[in-house]
Amino acid sequence: MYLRSDHGESFGGGAASARVTAPAHGFAARLSERFADFEFAPDLGSRIGSLTWYRGAATCVGLIAAALLMAPGFENPIYGSVPAPLSGAEWDATQAQAIKPLGMGGATGVRVAATSLVTPLTDTPERPILEGTAKLASGGSLLATLMRSGIGKTDANAVDTLITKAVASGDIQPNTLLDYTLGRRTDKSQPRPLEKLEMRARFDLKLEVARNGGGLSLKQIPIAIDRTPLRIQGTIGSSLYRSARAAGAPAKAVESYIRTLASRVPVSRLGSSCKFDIILGQARAETGEVQLGNLMLARVSGCASDVTLAPFEQGGKTTWFDGGGKGGSTGSMAMPANGRFSSGFGMRRHPILGYVRMHKGIDIAAPWGSPVFAASDGVVQAAGRASGYGNLIRINHGGAYGTGYGHLSRIYVRVGEHVRRGQRIGAVGNEGLSTGPHLHYELYKNGVAVNPRSVSFTSTQQLTGGDLGAFKAQINRLLAVPVGHGAVKDAED
């Protein structure tokens, strides 16, 4: 490696220093050899202050002075020739060679004429096949999607008939992708024939439509689905939500889990050492896709607030029960109408009959036609005319309690119908012995009228018999599910 320094020349590495002397040839070579250490323009950045440096500085000043003396002067401009502007064919030729035509996709510029090697075509050739993808819009029909994609009406109708026979149109989800292939056509006035179409009709079914000879045929390809639930466990720590999310539970599942627990235990009082147990419905296709379902079990263990909750369907209604088959307690009775209390419970002078007698309920003054709601869940026992009550509804709420709603202008329920708390069952009226529109509301306990404003009761559903056995078997099956090995992240991640 050759190195040059302020102290002379040397060879890098471990070799010994040596000066290489070339043989002299001619006067210039001999002069160079004689004044080998002389530099006409020494480096002014080294050996500052030496005689060599001062000689170099003087040389630099001399060169600058010579340049200034030979210059024409700053006030005298240097004239040059300017080419004449181009026009006509010359201007068009320069435009064709410029960058602008390339930037605009070659839309401008001069085209080169065809040579004898170019043979003009009588017709523009088409691609032999076209491949495309269409998406089934929300609320759109399969037939419209196919025709919008360029598939002919005949083929589109045939495909629509084949697919709707295999799968109900409601089972095909919006945004389903349709991959299709269109073949070659013999007449450009006709649409391209459909050669092949593929779609994921359901999570567990793939459909293929292919052309065989002159017609289209459908092939159904079942997709194996593993429906083993997903189980996620962990310690609550400082935050139940953050711990469950860190364990791999989707956000919506954690929110549902916390809401379910909050209906039975104060979530804020769960200790950091408590363990959470979440089981979700899961469908895993053999092709790798995963769908997560609803919460199937919510459990807390390892602390004083141990609880296991699971949903159970009974009579078409799904309710959450604990491990002993005990359901949640309903709240106090709802206000049956929006209005003011115009008359209380007890003895009073009847405004129409004129004598004192027992008033077995309370009156709620409200505009005529205002909605009347069921105070709690129950079964309608009576719905119709009842002497002085006018139009009357009676509801049995299970156990010892029942309610009555009188002077109604309309009745929206029938005998034997199950109603829910807060459901609209009628409308305020002025039927029967009434001096104005209002609701007469009664509450019964063991068949005896009691003051509705003094009673606030809750009802608790309890599973018994075969329902209780089926529910416990359901919990045992869920608790036997192994803990999931991998976290399944949702779209919000």
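One is the number of the first residue; the rest follow in order along the sequence.
With 3.5 Å as the limit, one finds no donor-acceptor pair spanning the side chains of Asp306 and Ser301. A donor atom on one side chain and an acceptor atom on the other are found under 3.5 Å apart for Gln282 and Arg284.
In this structure, Arg259 fails the cation-pi test against Tyr257, since its NZ or CZ atom is not both closer than 6.0 Å to the six-membered ring centre and inside 45 degrees of the ring normal.
For the residue pair Lys317 and Asp377, the shortest heavy atom distance occurs at NZ-OD2, 3.6 Å. Ala285 and Arg200 get closest at one heavy-atom pair: CB-NH2, 3.7 Å.
Within the 3.5 Å criterion, the main-chain N or O of Leu205 finds no donor-acceptor partner in the side chain of Gln220. Checked by atom type and distance alone, the side chain of Ser370 never pairs as donor or acceptor with a backbone atom of Ala366 at under 3.5 Å. With hydrogens and angles disregarded, a donor-acceptor distance shorter than 3.5 Å links the side chain of Ser50 to the backbone of Arg47. Side-chain N or O atoms of Glu195 include none that pairs as donor or acceptor with a backbone N or O of Tyr180 at under 3.5 Å. The backbone N or O of Ile172 sits nowhere less than 3.5 Å from a side-chain atom of Thr176 that would complete a donor-acceptor pair.
Atom OG1 of Thr235 is separated from atom CZ of Phe276 by 7.0 Å, given to the nearest 0.5 angstrom.
Surrounding CG of Asn338 are at most 12 heavy atoms belonging to other residues, nucleotides or ligands under 6.0 Å away. A 6.0 Å sphere centred on CG of Leu51 holds no more than 12 heavy atoms belonging to other residues, nucleotides or ligands. Remark: Asn294 CG is loosely packed, at most 12 non-hydrogen atoms of other residues, nucleotides or ligands lying under 6.0 Å away. Surrounding CZ of Arg424 are more than 12 heavy atoms belonging to other residues, nucleotides or ligands, all under 6.0 Å away.
Electrostatic pairing of Arg192 and Asp155 does not count as a salt bridge here, judged by no charged N lying under 4.0 Å from a carboxylate O.
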